[in-house]
Amino acid sequence: DIQMTQSPSTLAASVGDRVTFTCRASQTISTWLAWYRQKPGEAPKLLIYKASSLESGVPSRFSGSGSGTEFTLTISSLQPDDFATYYCQQYSSYPITFGQGTRLEI
Amino acid sequence: QVQLAESGGGVVQPGRSRRLSCVASGFTFSTYSMHWVRQAPGKGLEWVSVISNDGTKTYYAESVKGRFTMSRDNAKDRLYLQMNSLRVEDTAIYYCARVNGNDLTAEYFHHWGQGILVTISS
């Protein structure tokens with residue numbers, strides 16, 4: 001199985017800050033990586049797919065980069081709606097696996 | 001718009017069975033593969049299973065293989081997860097999720113249901 005490791009586990013930031021999350025895969029996954037945002041009590045919401053493609057309707061303050069085993073998600077200017085947990089997911093092979101999440105706190 | 005709504009959750013005793021359903025609307029259900037993903041309370045996301053658009057092919061996580069069976073009824077726009085021999089560690093919110101493909105190719109999840117809680121407890 002491909003292990004996905006996210007860092008940090010928790011990040012404290014303020015509205016307007018620029019933040020970056022990291023996701024590392026235990027083996028190369030090319031660019032078969034997605035990012036999701038999950039607010040408490042809600043289902044995950046797709047933000048980024050194929051490592052850097054912005055999902056339709058997702059604000060342009062979100063961007064993704066990386067390939068192979070190391071990936072990043074950047075939020076250029078935090079909005080109140082962004083304080084949530086973020087997950088990466090590899091879809092290079094089965095079983096599909098997720099990172100353990102990064103919780104973004106105020 | 002795409003909507004997915006799970007049902008069938010609740011409290012189940014260890015060793016017993018439960019069937020979850022997911023009703024789809026806003027798209028041609030028979031076109032797309034579907035998945036189940038679960039999330040234990042306060043924990044991360046775990047992929048569970050996938051079914052092809054025509055229901056002929058399925059694939060499961062090792063943690064549920066042999067105990068869970070995924071199926072679909074395209075005439076009713078419904079997805080199912082039959083869960084047998086349930087364990088305490090199966091306690092989770094179960095989400096049905098849609099991808100953009102129609103086969104078992106691993107993909108990202110474009111649309112999610114709101115989730116349904118299954119609690120395994122005596």
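Here is the naming used below: chain letters follow the sequence lines, and residue numbers restart at 1 for every chain. Values below: every heavy atom of this structure, side chains too, minus hydrogens, waters and symmetry copies.
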key: Atom group of B:Phe109 that falls short of 4.5 Å from chain A, counting heavy atoms   = both
query = Atom CD of A:Glu55 and atom OH of B:Tyr108: how far apart are they, to the nearest 0.5 Å?
reply = 6.5 Å
Over 12 non-hydrogen atoms of neighbours within 6.0 angstrom of CZ in A:Arg61 = yes
request  = Please report the closest heavy-atom contact between A:Tyr94 and B:His35, naming both atoms and the distance.
outcome  = OH-CE1, 3.5 Å
request  = Considering non-hydrogen atoms only, spot the tightest contact between A:Ala43 and B:Gly113 and give its length.
outcome  = CB-O, 3.2 Å
Greater than 12 external heavy atoms within 6.0 Å of B:Lys57's NZ = yes
ask   = Under 4.5 Å between side-chain heavy atoms, hopping through other hydrophobics if needed: is there a path connecting B:Val118 to B:Met70?
value = yes
message = Let me confirm one number: the CG-CD1 distance from B:Leu45 to A:Ile96, rounded to the nearest 0.5 Å.
response = 11.5 Å
task = Measure distances from B:Gln39 to the heavy atoms of chain A and classify the residue's part below 4.5 Å as side chain, backbone, both or neither.
result = side chain
task = Under 4.5 Å heavy-atom distance to chain A, tell me which part of B:Tyr60 shows up: side chain, backbone, both or neither.
result = neither
key: Atom group of B:His110 that falls short of 4.5 Å from chain A, counting heavy atoms   = both
task = Check the surroundings of atom CZ in B:Arg18: do more than 12 heavy atoms from other residues, nucleotides or ligands lie under 6.0 Å from it?
result = yes
query = Taking B:Ala106, B:Ala61, B:Gly44 one by one, which has the highest count of heavy-atom pairs under 4.5 Å against chain A?
reply = B:Ala106
inquiry  = In terms of relative ring orientation, are B:Trp112 and A:Tyr36 parallel, tilted or perpendicular, with 30° and 60° separating the classes?
reply    = perpendicular
inquiry  = Working note: A:Tyr91 + B:Val99, criterion side-chain contact (heavy atoms from CB on, under 4.5 Å); need CA distance, chi angles, decisive distance, verdict.
reply    = CA-CA 11 Å; A:Tyr91 52 102; B:Val99 295; over 6 Å; no
key: Shared hydrophobic cluster, B:Trp47 / B:Leu79 (ILVMFWY, side-chain heavy atoms < 4.5 Å)   = no
task = Look up atom NZ in A:Lys50 and atom CD in B:Glu107, then write down how far apart they are to the nearest 0.5 Å.
result = 12.5 Å
request  = Verify the cluster assignment for B:Leu81 and B:Val11: are they in a single hydrophobic cluster under the rule of side-chain heavy atoms below 4.5 Å apart?
outcome  = no
ask   = When hydrophobic residues are tied together by side-chain contacts of less than 4.5 Å, even through go-betweens, does B:Val64 share a cluster with B:Val12?
value = yes
ask   = When clusters are formed by joining ILVMFWY residues with side-chain heavy atoms under 4.5 Å apart, either directly or through shared neighbours, do B:Leu117 and B:Ile120 land in the same one?
value = no
inquiry  = Only pairs of heavy atoms separated by less than 4.5 Å count here; which of A:Gly101, A:Pro44, A:Pro40 has the most with chain B?
reply    = A:Pro44
ask   = Side chain, backbone, both or neither: which part of A:Glu42 has a heavy atom under 4.5 Å from chain B?
value = backbone
message = Is A:Gln38 close to chain B through its backbone or its side chain, or both, or neither, when contacts mean heavy atoms under 4.5 Å?
response = side chain
